[in-house]
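Basis for what follows: all heavy atoms, side chains included, without hydrogens, waters or symmetry-related copies. Every chain is numbered from 1, with letters handed out A, B, ... down the list of sequences.
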2 protein chains.
Amino acid sequence: MGLVCQQCLARNSALCSAMIGDEIDDLFSIAHQVKVDEGGYLLHEEDPSKYVYNLSSGVCTLERLASDGSRQIMAFVYPGDFIGINPGPFYSVSAQALAPIVACRWHMKDLEGLYSAYPNLEQHVHGIASRVLAATMDQLFVLGRKNAVEKIAYFLLYIDGRQRKFDGHSDSFVLPMTRIDIADYLGVAVETVSRAFSQLRRRGLIELSQAWVVTLKDREGLREVVEHTVG
Amino acid sequence: MGLVCQQCLARNSALCSAMIGDEIDDLFSIAHQVKVDEGGYLLHEEDPSKYVYNLSSGVCTLERLASDGSRQIMAFVYPGDFIGINPGPFYSVSAQALAPIVACRWHMKDLEGLYSAYPNLEQHVHGIASRVLAATMDQLFVLGRKNAVEKIAYFLLYIDGRQRKFDGHSDSFVLPMTRIDIADYLGVAVETVSRAFSQLRRRGLIELSQAWVVTLKDREGLREVVEHTVG
DNA sequence: CGTGAGCTTGACTAGGTTCAAACGGGGTGG
DNA sequence: CCACCCCGTTTGAACCTAGTCAAGCTCACG
């Protein structure tokens, strides 16, 4: 019985949750555990996409680097999230660890081999892929149509939603990423991120006991900010 | 033998090309043709996603509307492209016709029913979905990290790539979308789009015989513009 | 207790938005 | 057939948001 899996933070992820009871052993038996130190890369955008990963612990970014050095973060990846599920010859993003990470790795081929035994596994994989697209479109909308403060408000609510399941039900959470990461995620400058945080704090919508410890004082107010309701 | 299909602009699309010879009849027999006038909507973002569409002719946008009236165009859809392949309870984008369109419509259920008979059909569907994600990530990168002129240069090369297969091998193409559409795609103001066009024309990179007839005079130069190589 | 990386704040600048006006081309009605 | 009108586009000028550059601050760590 896959004890390792039963205790995994990602046990209820979209993929692993498709396997009930001892079935998980089938999935585990073809998995490899990989670890990456903080700042290290799990994979690079130009790597051939042989493997699929499911993050067990830690946080990482999916990012793309331009020739001029500028960086765009496409997503923040939390335990239970997948990396590399999208078919194609190469991952088209790199995955960098914001904290030490542990991930389960499968050969794409091996995983596909399980499809016949577990028919809903394939659907699950594609359901995951489509949720990634939905999130990316949300981000696209925000980058295209929102100003700096609105972007930060969106970001905070987004992170709150992502982390609540790990951080418990408190209104505070610890940001695993730096201001630079946030800036590269939202397509603005670091200083702009900092100023937007300060403005939201001054407005009483958030509290910052430390730079990376955020308390949402007024979720509804933040939502209004995102919605452009200048109020 | 599916004559309608054999002559369709989308015959070689990722989905229909999975069916060779008479197999296409199976796909056609469960399809409905739908037509939408210019400016009309094929589907709305809040509609339950019962159907999948394959565009046969015309062009349309995938867009999202904010409460404050601002619009973000997520993609331009050309013949052979799919709409609504991503699982989820609702389409999360609306599809608006830029020109009169004809599309094949399938019940998602019916299409899934063919999966057992044509195993590679399912893969094809998901291959499509993943290419959509790749394109969306490209756009995300451009919106986040490029200035106005770079965005327009990217857009022109992108459209060139999309339309070349329909417009033949000339260097000119006719834009099916307005400047407003372009602005809403790139997250800038209409005037900014116009100014960027003019600048590229003055620099000799493009030619505009009419506002919507573009000739790429220097593709390599445009690529350099996109790559931020300020030169 | 000193150091340095990351964060904040200030002053200035630049690029893009906004508002306003002029232009152009296609379609309509006289 | 021509004149007019309208919509989409272009251009100009003022404004403003966010970027840039630079300095000071905070806090974790050695």
Trainee: Run the salt bridge (Lys or Arg N to Asp or Glu O under 4.0 Å) check on B/R145 and A/D184 step by step: do they pass?
Mentor: CA-CA 8 Å; B/R145 299 281 101 179; A/D184 287 348; 3.2 Å; yes
Trainee: To the nearest angstrom, how far is A/I152 atom CD1 from C/dT8 atom P?
Mentor: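 Atom-to-atom, A/I152 to C/dT8, this comes out as 10 Å.
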Trainee: Please state how far atom CG in A/L208 lies from atom P in C/dC7, giving the value in whole angstrom units.
Mentor: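 Rounded to the whole Å, the gap is 11 Å.
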Trainee: Please work out whether the ring planes of A/Y158 and A/Y154 are parallel, tilted or perpendicular, with thresholds of 30° and 60°.
Mentor: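 Answer is parallel, since the angle falls under 30°.
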Trainee: Got B/D81 and B/R162 here, is their nearest side-chain heavy-atom distance under 4.5 Å?
Mentor: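 Yes - at least one pair of side-chain heavy atoms lies under 4.5 Å apart.
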Trainee: Calculate the interatomic distance between B/W212 atom CH2 and C/dG25 atom C1'; express it in whole Å.
Mentor: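 B/W212 atom CH2 is separated from C/dG25 atom C1' by 7 Å.
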Trainee: Tell me which residues in residues 187-199 of chain B put a heavy atom below 4.0 Å from DNA chain C, sorted by number, or none.
Mentor: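 Of all residues in residues 187-199 of chain B, the ones placing a heavy atom under 4.0 Å from DNA chain C are B/G187, B/V188, B/A189, B/E191, B/T192, B/R195.
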Trainee: Could you give the CD1-to-C1' distance, from A/I206 to C/dC7, as a whole number of Å?
Mentor: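 Answer to the nearest Å: 14 Å.
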Trainee: Using a 4.0 Å cut-off to any heavy atom of chain B, which nucleotides of DNA chain D are the first and last in contact, reading 5' to 3'?
Mentor: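 Using the under 4.0 Å cut-off, the span is D/dT9 to D/dA13.
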Trainee: Do the side chains of B/V59 and B/M177 get nearer than 4.5 Å, heavy atoms only?
Mentor: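 When only atoms from C-beta onward are counted, B/V59 and B/M177 do not touch, as no gap falls below 4.5 Å.
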Trainee: Using modelled atom types only, decide if a donor and an acceptor are shared between the side chain of B/Q96 and the backbone of B/C60 within a distance under 3.5 Å.
Mentor: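 Here the side-chain-to-backbone pair does not exist.
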Trainee: Do B/R179's NZ or CZ and the ring of B/F197 fall within the cation-pi criteria of under 6.0 Å and 45°?
Mentor: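 Checked: cation-pi criterion met.
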Trainee: Would you say a side-chain N or O of A/R201 is under 4.0 Å from OP1 or OP2 of C/dT9?
Mentor: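 The answer is yes; a side-chain N or O of A/R201 sits under 4.0 Å from OP1 or OP2.
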Trainee: I'd like to know if B/R219 pairs up with B/D171 as an ion pair, taking the criterion as any Lys NZ or Arg NE/NH1/NH2 lying under 4.0 Å from an Asp or Glu carboxylate oxygen.
Mentor: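 Looking at B/R219 and B/D171, the cut-off is met.
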Trainee: Distance check needed: C/dT17 C1' versus A/K146 NZ, whole Å only.
Mentor: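 Going from A/K146 (NZ) to C/dT17 (C1'), I get 17 Å.
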Trainee: Ring-plane angle category for A/Y78 and A/F166, please: parallel below 30°, perpendicular beyond 60°, tilted otherwise.
Mentor: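 Ring orientation of A/Y78 relative to A/F166: parallel.
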Trainee: Starting at CG of A/N147 and ending at P of C/dT17, how long is that distance when rounded to a whole Å?
Mentor: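 Rounded to the whole Å, the gap is 12 Å.
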Trainee: Regarding A/D181 and A/R71, does a basic nitrogen lie under 4.0 Å from an acidic carboxylate oxygen?
Mentor: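 Answer for the salt bridge query: yes.
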Trainee: Looking at A/C8, is its backbone amide N or carbonyl O close enough to the side chain of A/S56 to form a donor-acceptor pair, meaning the two atoms are under 3.5 Å apart?
Mentor: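 Pair absent, no side-chain N/O of A/S56 close to backbone of A/C8.
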Trainee: Starting from P on C/dG16, measure out to CG on B/L143 and report it in whole angstrom.
Mentor: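 It is 13 Å, rounded to the nearest whole Å.
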Trainee: Return the minimal non-hydrogen interatomic distance between A/Y91 and A/K50, and the atom names on each side.
Mentor: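 The answer is OH-N, 3.7 Å.
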Trainee: Report the end-to-end axis angle of the helix from C/dC1-D/dG30 to C/dG30-D/dC1; each axis comes from five terminal pairs, and the value is rounded to 10°.
Mentor: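 Comparing the axis at each end, I get an angle of 30°.
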